[in-house]
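First up is the structure itself, then whatever we jot down about it.
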There are 2 protein chains.
Amino acid sequence: MTEISRNAAQEGGQPGRIGIGLELDATHLKILEVLRENGRISVAALAERVGISRANAYTRFEALRADGAIKRFTAEIDHVRTGLGITALIFVTVRQQMWRQFRAQLAAMPEVEYCAITTGQHDAMIQVRMADVAAVHAMVTERLANIPAVKATETVFILDEVLKRPYVLPSDRGPGRSPRRPADPAAAPGGEVPLGKMRFVGAAEGRAQLQQDV
Amino acid sequence: MTEISRNAAQEGGQPGRIGIGLELDATHLKILEVLRENGRISVAALAERVGISRANAYTRFEALRADGAIKRFTAEIDHVRTGLGITALIFVTVRQQMWRQFRAQLAAMPEVEYCAITTGQHDAMIQVRMADVAAVHAMVTERLANIPAVKATETVFILDEVLKRPYVLPSDRGPGRSPRRPADPAAAPGGEVPLGKMRFVGAAEGRAQLQQDV
DNA sequence: GTTGAAATTAGTACGAA
DNA sequence: TTCGTACTAATTTCAAC
């Protein structure tokens, strides 16, 4: 199993869940489009905006939820108002064989909003929201650096969040484009993935650990 | 105005909006905590979970919305289900004096889920969701590279999203800690921001442009 | 998959503490 | 401010088509 295919499989939810539960049609995508802008809309109003009956809307809404296509509903807040107006990205190099510990420590850090394992120069990217710059510094030097699994960190501040969409959909690129296909079929002639043309940054030492540890 | 203070001011919403509209108390934060997990909860159920009356819950709920502390409600979806299971980060170096154009072009890219201006080696970070690796390649080489404002890019793939919280709150770190204060007051003795101790990556050439262009 | 009517629940307005 | 209650409007459910 390659790293990327593994990612695709486990992002779905429970381990072992491989099959595609629900085949999403254009109506499902339209529902997701509306829900993206207004997650609290009533199902009745949703039905009207999508152009289907209420009963149909209830059925599909429930199906999307039950299938896991919709994970949950949430709010979007203004972090300045809540006093956490400073956002930082922390790129982390993780020590070999310590991925499990690294993940466990992350769960105990409520100030972390997002963490992703990445290819490239670093192993993971963490996004944190803090009250001020000093708090970011304290977090990196006192909490992150004390984790044995963390070998090195590199901190970058976010000056402005230009764009923040709740999620993107295949239908965003225009109607009629089928999912699970590249935007431009000519980009990968013969079905070959043009990884060689992609510009990767140099891999960190011990990259192969991913296949055994993650 | 420094870069960071500028960020804090404009993240709030409309330009010129500086003052703190609503002073959030513990009850407001508790409401945001519940809404983070279940954005579709009824105000009646919200009132019960927070421990206040329905009328009070309606008042506070509406205040949070009107004030802008709650920007909007949305859903969280499974990108694999929608056929966009590949996530990539693209670090962009932007040409001087072309920030405005760069921002304009971004708005016309629906596949971009997130874009932030950052300090450090690069100028911006873009997160995209795609059907496959080839589509990411096509997007970077055919669409991003064609923007004159884009001087260089560096692409990194996300292998796994370990953590994804809708948002973090000051109350997450435990009750009794007041907002707008560093986690550890001893971290910045005398109120001095310890920027000198923070490990920054080398700044890209033309960094000063930010103050005039952004 | 759709429509319509019943039951339930949500949202509003008001006076009192 | 916050609470409790009564009133109005809307939503969800369930039935038949």
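Predicted model, so just to flag it, every value in this text is computed and none were measured. Side chains included, hydrogens not; waters and symmetry mates left out as well; all remaining heavy atoms used. Every chain is numbered from 1, with letters handed out A, B, ... down the list of sequences.
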In whole angstrom, what separates [X]'s [atom1] from [N]'s [atom2]?
X	N	atom1	atom2	result
A:Glu48	D:dA10	CD	C1'	13 Å
B:His28	D:dT1	NE2	C1'	11 Å
B:Tyr58	D:dT8	OH	C1'	12 Å
B:Asn56	D:dT5	CG	P	16 Å
B:Leu46	C:dG11	CG	P	10 Å
A:Glu62	D:dC14	CD	P	12 Å
B:Glu23	D:dT1	CD	P	14 Å
A:Arg54	C:dG4	CZ	C1'	7 Å

Given C:dT3, C:dA10, C:dA13, the nucleotide with the shortest approach to the side chain of A:Ala55: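 Closest nucleotide to the A:Ala55 side chain: C:dT3.
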Please tell me which of A:Arg40 and A:Arg60 maps to the more 5' nucleotide of DNA chain C, matching each residue to the nucleotide holding its nearest heavy atom.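 Going by which nucleotide is closer to the 5' end, it is A:Arg60.
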Considering heavy-atom distances to DNA chain C, does A:Ile52 or B:Val43 have its closest nucleotide positioned more toward the 5' end?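 Its nearest nucleotide lies further toward 5', so the answer is A:Ile52.
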Heavy atoms of other groups near B:Gln101 CD, more than 12 under 6.0 Å: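 More than 12 within 6.0 Å, yes.
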Taking the six-membered ring for Trp, are the ring centroids of A:Phe91 and B:Phe91 within less than 6.0 Å of each other?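 Yes, they do, as the ring centres are separated by less than 6.0 Å.
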What's A:Ser53 touching, base or sugar-phosphate or nothing? Going by heavy atoms closer than 4.0 Å.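 Result for A:Ser53 = base.
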For B:Glu161 and B:Thr87, test the side chains for any donor-to-acceptor distance below 3.5 angstrom and give the result as yes or no.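 Absent: no donor and acceptor within the cut-off.
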Grab the two heavy atoms, one from A:Met109 and one from A:Leu144, that are nearest each other, plus how far apart they are.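 Closest approach of A:Met109 to A:Leu144: CE-CD2, 4.1 Å.
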